[in-house]
Each structure stands twice: as structure tokens, then as C-alpha cells.
Amino acid sequence: MEYNFQEIEQHWQEEWEKAQAYRVSNQSERKPFYVLDMFPYPSGAGLHVGHPLGYIASDIYSRYKRLQGFNVLHPMGFDAYGLPAEQYAIQTGQHPEKTTNQNIARYIEQLRKIGFCYDWDRMVRTCDPDFYHWTQWAFRKMFLSYYDETRQQARPIEELVARFEKEDPTWNTLSEKEQQERLMQYRIAYLSDTKVNWCPELGTVLANDEVSEGLSVRGGFPVEQRVMRQWSLRVSAYAARLLEGLDKIDWTESLKETQRNWIGRSEGAEMQFRIKGQDEPFTIFTTRADTVFGVTFMVLAPESEYVARVVTEEQRAEVEAYLDRCKHRTERERIADRRVTGVFTGSYAINPLTQNEIPIYISDYVLAGYGTGAIMAVPAHDSRDYAFARHFNLPIIPLIEGADVSEQSFDAKEGKMVNSGFLNGMEVKDAIRAMKQYIEKEGIGRVKVNYRLRDAIFSRQRYWGEPFPVYYKDGMPYMLPEECLPLELPEVSDFKPTKDGQPPLGHAQYWAWNTETQQVVDKALIDEKTIFPLELCTMPGFAGSSAYYLRYMDNKNTDALVSPQANQYWRQVNLYIGGTEHATGHLIYSRFWNKFLFDMGVVCEDEPFSKLINQGMIQGRSNFVYRYIGEGSTGNLYISYNLIDNPEYKDKVQPIHVNVNIVHNDILDIDAFRNWMPEYKNAQFVYADGTTDVDNPYIGTPAEKQYICGWAVEKMSKSMFNVVNPDDVIAKYGADSLRLFEMFLGPLEMSKPWDTSGIDGVHRFLKKLWNMYEAPIDAEPTREELRSLHKLIKKITWDIENFSFNTSIPAFMIAQNELSSLKCNKAAVLREIAVLLAPYAPHIAEAMWHKCGGEGFVIDAEWPVCNEAYLEEDGVKYPVQFNGKMRFVLTLPKTMSKEEVEQAVLSNADTQKVLAGATPKRVIVVPGKIVNIVL
RNA sequence: GCGGCAUUGGCGGAAUUGGUAGACGCGCCAGACUUAGGAUCUGGUUCCCAAAGAGUGAAGGUUCGAGUCCUUUAUGCCGCACCA
């Protein structure tokens, strides 16, 4: 019977659905295992073949774990808040909720077709009030908490208030507003004035990557730097724990390294420098305390609060002009333009070691947000300081023996100190240590660890996001009571910002909080006693994605984000699969969010994802036709790719993207091409064999006339006509072929182009396999059949455990080949192969399982165990490392058989000595000379 | 500049602990079947080929033995980047 994948796949998907085969319970005798995909943002374009790569991998692992007897949580949901839906809403007036729901419906349909074992009953959507209830709840808790540095954990803000009351006599004299302002400096979620890119025309804050050369990428409107009152999360408080936590989790080294870079720990010292003529010193941060003797000037960031103190009257005009220039430059421009700029403040600092007077400058190469926003400049040993010193003709004093600083600075931390007083003769590393001790002893500084990690700006001037559960009284924010959550997103008349520059929520009529009735009311009623304005910003994209994995554990719970029972059962995500692009975003925020909830006692694990795998990206593989543009060109002639370097066509052709869906194995479907677009209706060709239909045009093409297309690997995008929709692949080959082929493309973690030329191969394999299942019989399998099967069991088990899914497909092919040449039709063998195949190609496996008399669903079967006994005698080698004592060389003739060699080895005098009477477990002979003996 | 990853036939890629490099698929070649083929089946396919030999980006090293480990280097991809 023919392999009718359409019928098989539809049938079994319906059966699974009917039987709720993938429903997961929180009560089970089985051990829990949690496999998670990074949930998608449901874009209007739908899924392309790149999206399911990670999902297929996690599905394979989930099914495998389930076959091994685990209770596997494998959910899916949607990161439903986001910019594209909102932008679409502004353009079309359609409510983002409507388009988002449409997109989600489409995603679910596409995902279902691929046959994932998701428990759809646990689906979450970040835009559902039931879900963002807990996003708001967590934010509220962050507002009501502070980070206790000594205990290294978040604590309720009441504890801080109690401490202030006890230790600070002035606390009780402060007004409520003053107290609130003080507490704001400690809260985990806090409101502060932060510098942002503001685009007046669009009426919104833009992220750095949305701004180019001072203009908005979208629309090209001017962008200015503006300080705005914004919510932030104190992620930086967790920097040390976020860094240490990396050592406890099983992530790839490169991803951990990216996060370590991002957190950016650096050990150094803070030092005080006196300003000539002033009593108050100012503080700098340095990692090179050893170089104090070579400080020849100081530099402040333009935004530094020290600036106002040190500018002299004579320099004021010049400084202000410089600051004004800096203000109008975006972060991006400042980085792009590395020309040295700066201005002298007129003041001098005193070097605490040499007592020299050194000038204080302002320059934008010093960042206000790192360290103290001020540095001591050591031009001899820092390339940036060096460039500055050269530009302003400042002295350069070398401090390391033999360092040549006539052309460039010597930045390496090695060598012997010179010109450095008591440090002279020391190695740099020792000198750093010695100087740190010195400054602590003298009270001019202290050892300090700095982190580059910044707090996360948490406000967005958008509509389509979680509303803050916040109202404002006397200019200070207050949280809504816990029992009033969720605060639902209000309807608005317009999704654009208001005329006076407020976020879209400014359009909402019912957007004020009545503290008496604890209800949302008409904002016209706002008074100063009981009715207050609500926050107009919404939360950013990462808010909803930071704790969604916890919600899957208990998604129906209306009393808590997750019940302690559910959380203690599932504990954490055992395997998380997703793209590496979230390394410094979602994966930092999630870890932060989880650690906060851990401090609050809400979750029982400090790290959310114990193992993480990054699937590579699937790039597009574009195809080209080559239009002839040489002499006599009609613009209607296309040259086959293999001919374009011929002299007559060289440099006379123009590559044109052609829809990859009408190209098969780089051969153009001529008729489809002519029908693709009107301009190709009468296209003519020079075929691969050099023949042409120019003079003899006809409709339809003889088979031997092949037009070969060129190709290139590019990003998968509509404009390059290289987007491949999984639905099309499934229609043509089936979901099982798609799943197998995506895995077969190459290692999971690597990026690779989508190249359909191999899909026929895996589809053929499934067909052949299906035909093997024609007439299974209940008879005793032969030893050879069992050997083939157990080789496969061993291989597939190893592959899945090690996420080496790509190498499983060849193993299946080999087994199929071996068994079919053995004419194997034993139900017992075929049934086990169906189980092995079930993670990869669940539909066909299910059908085969039943054909061989399997009961229930194949997913409820037991994973087969390899019996090594079947593998012993067929010459399969298991290379075994031997320790130093066992290593020796025998020269043996090549013609000896395996048995003879073994005999020769065992009777050899050296062997006897080494063995000392023990019996070897295995003797491995590599033809030629080398012998390994395993004890 | 700093950090990470990669480099194996015409192509995608195997080689699991240092142990017979090139599995498997695509493509290509030959054959079978066929009125026809974007069908199916069989055999071949690293290079040079009569044989011998050479061979995992390059050069060294460790080892009885290296695609795998070490050093240097080249190229490509990715991340971070005026972070003191």
C-alpha cells in the first residue's frame, strides 16, 4: 500500500486530540521533566520553516523522555504584546487584540499540523488579563521590595522603613513625599529620571537601535536626548548573583560568556582626588591603581555631577558650548565618531601620591553611567587617554620598564614598574595589590567591584502592553491593592500618542483610580482626595516573557502565579530551547525575575533554566535566474547558471531573485516561472545544454531542457522570494518528512541554509520504511535482525541524550536498509523501530505501531533497551581508552586474522607481564600494529 | 580592540573517550524497467589512478597512533565594545 502521509497524519492527529493524549497532570507517580520552547511572537507573516527547528528538537526530546517514563511538561504559548501589532493598528485602525488573535489562531493551526505533543490546555498568552495579572503582581512586589546588600537578597520595603526609623533620627521628620522619594532610591522597581531617545514627531521613546544618525529609522524624524521620568528595574543589584549563577547551569559556554560580558564584572578601586582650592574631593574608579604615579590629567563625563563644581568662570562659556554639543549627539553617533573631543574645565586636581597639580577635562569618551563618571587618565598605559593626551598636548609618563610610548600606549598588564615611587621594581599585578592596600590604609580610596550591567528601563509610551498597577498622588506613584489586580488595559479612541505628547493611554476616558471604591473611574472625576490619575505608560516586551515558564506549571490558578505544590513538583525548566538572540535580553531578565521571586519565596529554584540549547538560525537559500542584458537584449532572455561565465554571456547577465518555490534542486520549473509574474509570461531561455528556444518558441518544455538556477544563502525574507512555508512542505511531503528533514539539515546548534534538495531523500526513506510494514508476522526474529535493531536502539538513545538529532536519520536509513535486505517482517522488531521513530516522526510511527499489533498510543509505549549481547560478534568496535601502563606495541604481520592476532597478543611475554594474571575483557586490534587491551 | 565558534569530497554533513576519515543524504556517472518521466530499482562516486601514494584551511608539537589534544597562523561567522 502506498504511503499516504496525508491520511496517516490527519487520522492520528485527530485520534490524539480525541483521546487528549498529550494532556499533562501535576499529579503523577512519574518523575517530572519540563521541556520548554521560547514562545513566539505571533507575527502577521505566519511561521516559516525556520521557526519550527527548535520546536521539533524539543518535541523529540519531550517524546523521548515520556517514552522513558517521565511525566513531561511541554507547553506552548504566545508572547502576544508587541510593537508590530500596535503599528498595524495605527495604520489600519484595527484593534491590536483583533490582529493578535488572528495571528495566534494561524500559528496554532500551523503548529498543530507539524504534530507537536504540546498540552494545548496549558497555553498562555501574555495579553490575557489572567496572565498579565501576575506580571503586574510581580511588578508590584518589586516596587514593595528593596535589595539588602548584606543579605544579598530582596526584602520587603517595610524592613528598610523599620531600619530608617531605628537608625536615622531625621526619618520621622520627613514629609510623606520626602519619605517616598527616599525609598524610591532603594526599590527594586523604581521611578527615576533617565536619559532616553525621544522622537517628538512619533511621540515616543525609541531604543538605540531604532535611531540612526540622529533620525528615527522609521520615518526619518529628528530624535533628541531627553531626560524623562521612567520606571526601571534594579537588575544591577543582582549583578553578582547573575554572574555566579552561570556556574551552576548547563548552558553553552559561548552563551554564558556573552552574559558574563554583558554583566561585565571588573575589580578595581575607587580613589578620592582633591580639587585645588576646594575641600570636597571627587571620586574616580580605576582597575589600574598601580598607575597613579602616571596620572597627568583627569576626565569627567559631560553629564557628571562634578562638572558644575569644577568649571571656572573663564572656561564656563567654552564648557557649556561643549556640553550642548554632546547633548545633541545620540549614544550611537558618539560611538560611531571616535574623534577626540573635550574641553578644559579650568580646575586642577591634586595627585594624592605625587601632590602634582593635574588639569581636569571634560570629554564624552568617559561615560556617566559607569563607575563614578570620572577617571584618572594615564596616557602611557591606556590607548584612549593616550589619544586624548596627544590631541591636547598633555604629558605622557611611562610607568613600565621598557615600554615605548612614543607611538602608542602600552596597555598590557605586565612588566616592572618604574617612575612609581614605592612601587618601583614590582610586577604590575603586585603593584596593583600594593597600591590598593596603600590607598585603603591612607583612607584615600577603597577596593571596589564594578559591573557594567545597567538597570532595565521598564516604561514604554505604547498602548499594546501590560498597564502598570500604579496611580499617582502628589507626584509620587502608589501601587493598587493586590486584590484589585489585574488592572485591565482600557479601550482608547486612538492608538497614537495624544496631542500634548502623552502615551496612547492618555486617550482613555476611564483611566483614574478611586482609592475609596477601589475602582477604575472616569478621569474627569480626578480630585486631590480620593481619585487619582493612573500610569499612562505600559510595560516593555520582556515583562510578559520573564516568568511565563512558571505560569505553564499552573496556568489555571486564579489565586497565585503558581501554587507552591505545582512549583515544587516541576521546580524548573529542565531543557530550554531557543535562539541565541535572547542572550542579553530575555535570558537575563528571566533570570533576574526568577531570582527576585526566589527571594520572595514564591519559587523554589534560584535559576529558571537548568539546561539551555540554542538552535541555529535557518537562513534562506535564494535562487536566481540570469537575464541577458548584453547586445541585442530584449530583456526577455534568461541564461542557465552553468553558462553565465561563457565569454558570450560573461558580465552581460543580471541575476534576478526567483521564487524558490518554483525551483526544484536548482532546476527552474519553466511553466511555473512563466505564470509567476506577467513580465515573465513570454520568457525565453538558453538551457543548460546550450540550446535555446529563442528562434523556435513553444509552450511547454521537453524534459531534457533544463534551466539551472544560481543560488545564494541570504536571510529568509519576502523580498528575496526565499521564504518557505511549512504548510507547503507538509502538503507535499507530510509533517513527518518535514520533521525528519529539519533535523537532518545539520547540527541543531548551527546556522544553516534551508536547502530543499535533500528532502526527497528523507521522504523516500519514509516511503521505503512504510513498505517494510506491509505484512508483519509474529515470528521469532533472527539474531541478525536483532543485531540491526539493537544497534539502532543504542544509536538513537545516544543521539537523543546528546541532542545529536541529525545523526539519527542516517541510522534509521541504515537499519531500514539492513532489515529490508534481510527481508525482515517480524512484528516484534518492527514495533520497536516504530517506538524509536516515534519522537522523530510521530504520525508514521503511530501507524506502524498499530500495524504491528501495538496497543494504545506509541507515545505510551516503553523505550527499548539495547542488549549489548546482540552486538558482540559482528565486529562492531567500541574504542576504549587505555591507561599508560597498558600501552605497548607489537609488530604483527598484516595477514593475520583477528583471532590469530588476539592469540598472538595474549601469549606475548609483554602482555603477560602487564596482565599479571588478569583476564582481558576485550582485545582491540587496529590492522597494522596497535593493540589495545581492556581489562 | 576583547571574547566565543567554526574550517573535512562537487554540496549538506558523519566520525560518540585520541584508534581503519569521508557514514547518510543531495548531486553526478553507469545500468535495469519504461511510450514518456521531477517515478522506481541496482551498482559506482575524496584525489591521483594500472599500481603505489596523497589526503580533514596552513605550519609546527605531543603520541605507537591526531579531523579530534597543545602552540603559532590564515580565513569566515557570531557576540560585546570609548566600561577606565
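Bear in mind that the values here come from a model prediction, so they are computed numbers and not experimental data. Each chain gets a letter, A, B and so on, in the order its sequence line appears, and its residues count up from 1. Reckoned from all heavy atoms, side chains included, excluding hydrogens, waters and symmetry mates.
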Please determine if a side-chain N or O atom of A:Tyr370 lies less than 4.0 Å away from the OP1 or OP2 oxygen of B:A84.
-> yes
Take atom P in B:C64 and the same atom in B:G1, then report the distance between them in whole Å.
-> 40 Å
Return the value, rounded to whole Å, for the distance between atom CG of A:Asn614 and atom P of B:A6.
-> 14 Å
Base-pairing assignment for B:U68 (Watson-Crick or G-U wobble, both under 3.5 Å) = none
Under 3.5 Å, is there a donor-acceptor pair linking the side chains of A:Thr341 and A:Tyr322?
-> yes
Distance between C1' atoms of B:G13 and B:A21 (Å, rounded) | 13 Å
Could you give the distance separating B:G61 and B:G53 at their P atoms, to the nearest angstrom?
-> 23 Å
P atom, B:U8 versus B:A59: distance in rounded Å?
-> 16 Å
Looking for any heavy atom pair under 4.0 Å, which part of the strands does A:Lys256 touch: base, sugar-phosphate only, or nothing?
-> nothing
Do the side-chain N or O atoms of A:Asn261 get closer than 4.0 angstrom to the phosphate oxygens (OP1, OP2) of B:G4?
-> no
Expressed in angstrom and rounded to an integer, what is the separation of A:Leu300 atom CG from B:A84 atom C1'?
-> 13 Å
For B:G22, the Watson-Crick or wobble partner whose two distances fall under 3.5 Å | none
How do A:Thr286 and A:Ile814 order along RNA chain B: which one's closest nucleotide is nearer the 5' end?
-> A:Ile814
Length of the CZ-C1' vector between A:Phe744 and B:C11, whole Å = 12 Å
Distance flag, aromatic centroids of A:Tyr707 and A:Phe673, threshold under 6.0 Å = no
Contact class for A:Ile809 vs. all strands (heavy atom < 4.0 Å): base, sugar-phosphate, or nothing?
-> nothing
Should A:Ser266 be listed as having a side-chain N or O under 4.0 Å from OP1 or OP2 of B:A84?
-> yes
Span that lies between the P atom of B:C78 and that of B:U73, in whole angstrom = 23 Å
Assert: residue with more 5' nearest nucleotide on RNA chain B, out of A:Gly373 and A:Trp798, is A:Trp798
Expressed in angstrom and rounded to an integer, what is the separation of A:Lys752 atom NZ from B:G13 atom P?
-> 8 Å
Residues A:Thr807 and A:Lys795: side-chain donor-acceptor under 3.5 angstrom | yes
Give one of base, sugar-phosphate or nothing for A:Arg764, where a contact means two heavy atoms less than 4.0 Å apart.
-> sugar-phosphate
Between A:Ser409 and A:Asp411, do the side chains contain an N or O donor and an N or O acceptor separated by less than 3.5 Å?
-> yes
Against the side chain of A:Lys795, the closest entry in B:U16, B:A84, B:A15 is B:U16
Nearest-Å distance for atom pair CH2/C1', residues A:Trp262 and B:G3 | 15 Å
Within this structure, what is the CD1-to-P distance between A:Ile588 and B:C80, rounded to whole angstrom?
-> 12 Å
B:U7 pairs with, by Watson-Crick or G-U criteria that keep both distances under 3.5 Å = B:A74
Who does B:U63 pair with, Watson-Crick or G-U, both distances under 3.5 Å?
-> none
Syn or anti for B:G60 (syn when the glycosidic angle lies within 90° of 0) | anti
In whole angstroms, how far is the P atom of B:C77 from the CE atom of A:Met750?
-> 15 Å
For B:C2 versus B:U17, give the span between their C1' atoms, rounded off to a whole number of Å.
-> 33 Å
Pairwise P distance, B:G44 and B:G25 [rounded to whole Å] | 12 Å
For atom P, what is the distance between B:C49 and B:U34, given to the nearest Å?
-> 38 Å
Look through every strand shown and name the nucleotide pairing with B:A32 as Watson-Crick or G-U wobble, where both distances are under 3.5 Å.
-> B:U40
Name the nucleic acid region contacted by A:Asn806, choosing base, sugar-phosphate or nothing; use a 4.0 angstrom heavy-atom cut-off, strictly under.
-> sugar-phosphate
Would you please say whether a donor-acceptor pair under 3.5 Å links the side chains of A:Tyr733 and A:Asp760?
-> yes
Please state how far atom CD in A:Glu257 lies from atom P in B:G3, giving the value in whole angstrom units.
-> 9 Å
Which nucleotide in the set B:G79, B:A23, B:A84 lies at the smallest distance from any side-chain heavy atom of A:Pro810?
-> B:A23
Side chain of A:Ser254 only, please: which of B:G4, B:A84, B:C80 is the nearest?
-> B:G4
Do A:Asp455 and A:Ser236 have a side chain donor and acceptor closer than 3.5 Å?
-> yes
From the candidates B:C80, B:G4, B:G25, the one with an atom nearest any side-chain atom of A:Met813 is B:G25
Return the nearest nucleotide to the side chain of A:Pro747; candidates are B:A23, B:A84, B:A14.
-> B:A14
G-U wobble or Watson-Crick pairing nucleotide for B:C2 (cut-off 3.5 Å, both distances) = B:G79
A:Arg452 side-chain N/O to B:A81 phosphate OP1/OP2 under 4.0 Å = no
Hey, does A:Arg454 reach any base, or is it just sugar-phosphate, or nothing, if we go heavy atoms under 4.0 Å?
-> base
Between A:Ser737 and A:Tyr3, does any side-chain donor sit less than 3.5 Å from a side-chain acceptor?
-> no
Between A:Asp247 and A:Arg260, does at least one N-O distance fall below 4.0 Å, as a salt bridge requires?
-> yes
